[in-house]
Amino acid sequence: MSNALVWGAGGGIGQALTSLLLAKGWTVVAVTRHPTRLETSAAHVIETGDILPFDVQTAVTTASQFISDVNLWVYAVGDIVSAKVEDMSPDSCQRIINANLTGAILTTHYSLPLLASDAHLMYIGAVSERMRLPGLSAYAAAKVGLEAFIEVLGKEQRHRRVLNIRPSAVDTPLWEKVPMRLPKGAATPNIIAEQILEAFDQKQIGTLDLTS
Ligand SMILES: NC(=O)c1ccc[n+]([C@@H]2O[C@H](COP(=O)([O-])OP(=O)(O)OC[C@H]3O[C@@H](n4cnc5c(N)ncnc54)[C@H](OP(=O)(O)O)[C@@H]3O)[C@@H](O)[C@H]2O)c1
């Protein structure tokens with residue numbers, strides 16, 4: 001039996017992944033701010049607030065009541081804002097850095113004791129070099145920071161597998177937050193979920209770019 005812990009399970013990619021894992025017979029702990037968005041009742045759902053130290057610690061303690069030796073750990077939390085630096089509010093800036101970068105570090109820190117010795121840790125990043133566009137400074141900076149974090153973590157956790165997954169456009173609610181049109185041919189969250197599982201099966205580490 002395989003165990004997974006999914007952060008951001010109420011999001012487009014998080015939901016698809018949770019459903020796929022459950023369909024494949026995994027035991028899944030799904031952490032989300034909005035549990036009602038999860039269609040399935042088979043997952044162990046943990047409702048949490050924003051990714052802040054106390055909430056993360058509490059969520060991990062609760063998760064430990066359902067699973068130990070997590071085989072697949074996925075950080076699918078992320079947030080985006082489109083605002084030029086001159087217009088960006090401190091709150092927006094903090095929100096984007098927290099969701100995309102600080103949250104990844106905190107959830108990793110608190111989750112490590114719960115992971116199997118050969119666990120696979122996956123982070124949903126972005127093709128950061130393509131994100132360096134006007135209005136996306138905080139998002140692009142956070143995703144670049146995430147890449148550095150993942151690289152260092154991979155060197156520290158050599159017995160575990162650490163992977164930065166960089167999807168191209170995916171049809172999820174994230175796009176409703178920016179004044180840009182979803183590109184034609186964008187991937188569905190279900191396809192991304194299947195690629196995540198494939199990466200687990202193939203024991204992939206480092207960086208995985210997913211083109212749609
Ligand atoms: N969609 C794309 O085209 C695309 C492309 C490349 C990379 N990505 C990355 O893929 C990841 C998943 O995004 P998605 O497309 O599935 O978007 P999404 O549907 O908006 O999901 C994002 C998830 O993050 C959660 N979240 C955001 N801020 C949070 C916070 N401060 N604390 C706790 N949870 C928070 C959301 O929770 P709530 O549901 O509670 O709001 C939601 O579950 C993100 O890192 C995104 O940058 C997406």
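Please read these numbers as outputs of a predicted model, since none were measured by experiment. Reckoned from all heavy atoms, side chains included, excluding hydrogens, waters and symmetry mates. Whatever order the structure lists them in is the order used to number ligands and atoms, beginning at 1.
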Does ligand 1 come near enough to Gly14 that some N or O of the ligand is less than 3.5 Å from an N or O of the residue?
no
Test item, Gln15 contacting ligand 1 (heavy atom, 4.0 angstrom)
no
Kindly confirm or rule out an N or O of Ile13 lying under 3.5 angstrom from an N or O of ligand 1.
yes
Min over Ala126, Ser168, Gly49 of heavy-atom distance to atom 5 (C) of ligand 1 lands on Ser168
For Pro173, the ligand 1 atoms whose distance to one of its heavy atoms is below 4.0 Å:
19 (O)
Looking at ligand 1, would Thr32 count as a contact under a 4.0 Å heavy-atom criterion?
no
Identify which of Lys143, Arg130, Met180 has a heavy atom lying nearest to atom 45 (O) of ligand 1.
Lys143
Distance from Leu121 atom CG to Asn164 atom CG, nearest 0.5 Å?
12.0 Å
Candidate with minimal heavy-atom separation from atom 22 (C) of ligand 1, of Gly8, Gly10, Gly78:
Gly78
Going through the checks in order, is the salt bridge (charged side-chain N to carboxylate O under 4.0 Å, His left out) test met by Lys177 and Asp79?
CA-CA 9 Å; Lys177 298 178 176 177; Asp79 203 352; 2.8 Å; yes
Do any heavy atoms of Arg166 fall under 4.0 Å from ligand 1?
no
When you check the side-chain N and O atoms of Glu147 and Ser128, is any donor under 3.5 Å from an acceptor?
yes
Evaluate the side-chain proximity of Thr32 to Thr48: yes if any heavy-atom separation is below 4.5 Å, no if none is.
no
Hey, is Arg95 touching ligand 1 through its side chain, its backbone, both or neither, going by heavy atoms under 4.0 Å?
neither
Between the NZ atom in Lys143 and the CD1 atom in Ile96, the distance rounded to the nearest 0.5 Å is 9.5 Å
Are any of the N/O atoms in Ala9 less than 3.5 Å from those in ligand 1?
no
Quick check: Trp73 with Phe200 (ring centres under 6.0 Å apart)?
no
Need the ligand 1 atom indices (1-based, order shown) with element for anything under 4.0 Å from a heavy-atom of Trp175.
1 (N), 2 (C), 3 (O)
Looking only at distances, can you tell me whether any N or O atom of Pro167, backbone or side chain, sits closer than 3.5 Å to an N or O atom of ligand 1?
no
Assess the side chains of Ser89 and Ser92: does a donor N or O sit below 3.5 Å from an acceptor N or O?
yes
Are Tyr75 and ligand 1 in contact, using a heavy-atom cut-off of under 4.0 Å?
no
Hey, does Gly125 sit under 4.0 Å from ligand 1 if you only count heavy atoms?
yes
Quick check for you: to the nearest 0.5 Å, what is the distance between Thr102 atom OG1 and Leu52 atom CG?
9.5 Å
Determine whether any heavy atom of Asn98 lies closer than 4.0 Å to an atom of ligand 1.
no
Answer yes or no for Trp7: is there a heavy-atom contact with ligand 1 below 4.0 Å?
no
Just going by heavy-atom distances, which of Ile124, Val170, Leu174 is nearest to atom 3 (O) of ligand 1?
Val170
Do ligand 1 and His34 have nitrogen or oxygen atoms that lie under 3.5 Å from each other?
yes
Residue part near ligand 1, for Thr172, under 4.0 Å between non-hydrogen atoms:
side chain
Judging by distance only, is a nitrogen or oxygen of Ala169 under 3.5 angstrom from one on ligand 1?
no
